[in-house]
Structure formats: structure tokens, C-alpha cells
Amino acid sequence: MATQSIKPMVAGNWKMNGTTANLKEPRLLAGMLRGVKLKCDVMVCPPATLIRRVKAVMKGSMIKAGGQDCHAAVSGAHTGDISADMLKDAGATAVIVGHSERRTNHKETDAMVAAKAQAAHKAGINAIICIGETLDERKGGKTLEVLTSQIKASVPAGCTAANTVIAYEPVWAIGTGLTPTVAEIAEAHAHIRKELSAVMAEEGAKTRILYGGSVKPTNAVELMGIANVNGALVGGASLKAVDFIGIIKAYI
Ligand code: 13P
């Protein structure tokens, strides 16, 4: 299947930001998108405490809500953790797993990420699996090698184009204002596409590959126009409706 036929997705990862006071942003976003014919799916991933309320303020819009992480187990003695079932119960249709901040801050391994993705599928929600190289790895010419090993070990059996999204987020581009060049992103995404076909067979050709890392309204059109880039995973710029819509506009 030609990658042009893949419906793109723009997802906002609020990270550990947002309280009730911030609900005005998704409300505003839903209002701004009312009646707009979108060529992409839109998702907001607030902290788990806000999922239900974000859904409520976006009611009537096509915007979906997602979680930012889940535990691999369905339930049990895991104080402070949250399961994919719980996220689904709160209204999430997807969960981000393997974000580099989790891999770094919580020492999450590829195997743990794969188990979380499987837990999401078991709960009936989609997994947005994050991969990406560090600055040292890029400088050392290891980017493609790192992506290959992350895909092989973090993308579990059972992944399909319908239940899985891959997000390529170079660690050094997150929150820094830096982005790889168009050629570097094209190379990474083409490589991911090839590796996905190896682990997901024909589903790999249809799976969305998002780019994440300093996506802004000012660079969205250029970044979203790159081959095999099927949308964006947005951090900082997803917190304000006006900025987020500026990125979504790449698909209006
Ligand atoms: P920024 O858009 O703030 O660089 O964050 C990207 C990110 O980590 C999304 O998951």
C-alpha cells in the first residue's frame, strides 16, 4: 500500500503538565476544529488525572484522548502505576509507550516497552510506541542501528496498522528547538518503514510513523511533507490550542 493512503495523526503529549485550569485548551481546540474537514486524526494525551475531563470538554468533536504510559500488568500491587484497562475506562483510545523520558527516567527497556504495548492491545486500546536515538548515538553514526534494535525488541507480536503507531523521536530533538534535517528524517523514516515490514509483515507498510521532537506551527508543513512521515507527536506546542492547531493545519 502506498504510504500516501495512510491517514496521518497529530497527537499531543502533555507530559506532566495540566490541571483543571488547562481544560480551556482542549475546549478551545474542539471549538476551533468544529466543522473543519480534517485529513488527519487528532489526539490529546493529558495526564491520566485529566483524561475523562478532557474527553468531556471535547465532546462532539472527533478528537480522541490517550494516556502517556501504562503498566504491563492488568492490575495488582503496583503502587502509583496505571493499567491500560484503567486508561480505557477513563476514555483513552491509545497509550504512548516507550517515550524516551520513560526509558531514561524509569530505566525502561525495550522488553518492558513491548510488554506495555501488548498490555494496551489486550485492553483494546492502541499503542503509540516511541523510538529514537540519543545525540551520542547520532554523532557516532549509530542512528539506524539503534532504530533497528529498538524496533526488533519494542514492537511485539500482534501489532497491526490498526492497533499500533510508531513515533520516531530523536532524544536530542525533544524540547530543544533542534530538529534533524529533512534528509535525516527522511532517512530515519524510510529505515523504520523497512524494519517495520520485517517485524510486522504487510502491516508494516500501512502503519503510521509519526515524527516527534520540536514540532512547531512554523516547521510543521515542512516536516509533515517528508516521505514516510505520517503525522506528529507534539510535546510543548500541544499545550496551547493555538499552537497545536497551527500544527494540525498542515493537514487541513
Ligand atoms: P517537544 O515537542 O516539546 O519537543 O516534545 C516532543 C515529545 O517528546 C513528544 O512526545
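Whatever order the structure lists ligands and atoms in, that order sets their numbers, starting from 1. Just so it is clear, the model here is predicted, and its values are computed rather than measured.
Using a 4.0 angstrom heavy-atom cutoff, Lys216 does not count as in contact with ligand 1. Heavy atoms of Ser100 come nearer than 4.0 angstrom to ligand 1 in no pair at all.
Ligand-side atoms of ligand 1 in range of Leu233: 9 (C), 10 (O), range being under 4.0 angstrom from any heavy atom. Of all atoms in ligand 1, numbered sequentially from 1 with element shown, those under 4.0 Å from a heavy atom of Gly175 are 1 (P), 3 (O), 4 (O). Residue contact check: Gly213 has heavy atoms under 4.0 Å from atoms 4 (O), 6 (C) of ligand 1. The Ala173 neighbourhood of ligand 1 comprises atoms 4 (O), with distances under 4.0 Å to a heavy atom of that residue. For ligand 1, the atoms lying closer than 4.0 Å to a non-hydrogen atom of Asn13 are 9 (C), 10 (O). Using a 4.0 Å cut-off to heavy atoms of Gly236, the atoms of ligand 1 that qualify are 1 (P), 2 (O), 3 (O). For ligand 1 and Glu169, the ligand atoms under 4.0 Å from any heavy atom of the residue are 6 (C), 7 (C), 8 (O), 9 (C), 10 (O). When each atom of ligand 1 is checked for a heavy atom of Lys15 under 4.0 Å away, the hits are 5 (O), 6 (C), 7 (C), 8 (O).
A single hydrophobic cluster is not seen to contain both Val95 and Leu233; linkage of ILVMFWY side chains at heavy-atom distances under 4.5 Å, directly or through other members, places them apart.
In the model, Arg208 has no side-chain atom that pairs as donor or acceptor with a side-chain atom of Asn126 under 3.5 Å. Side-chain contact annotation: Thr143 with His191, donor-acceptor N/O pair under 3.5 Å absent. When only modelled atom types and interatomic distance are considered, Trp172 and Glu133 share a side-chain donor-acceptor pair under 3.5 Å.
Using a 4.0 Å cut-off between charged side-chain N and carboxylate O, Arg102 and Glu108 make a salt bridge. For Lys216 and Asp243, the salt-bridge test fails: no basic side-chain N is under 4.0 Å from an acidic carboxylate O. Under 4.0 Å is where a charged nitrogen must lie from a carboxylate oxygen, and between Asp41 and Lys64 no such pair does.
Distances between N or O atoms of Gly212 and those of ligand 1 include no value under 3.5 Å. The shortest N or O to N or O distance between Thr176 and ligand 1 is not under 3.5 Å. Geometrically, ligand 1 and Ser214 share a nitrogen or oxygen pair separated by less than 3.5 Å. The shortest N or O to N or O distance between Gly235 and ligand 1 is under 3.5 Å.
Inter-residue side-chain proximity for Glu137 and Val171 is flagged as unmet; no heavy-atom pair is nearer than 4.5 Å.
Expressed to the nearest 0.5 Å, how far CG of Leu223 lies from OG1 of Thr218 amounts to 9.0 Å.
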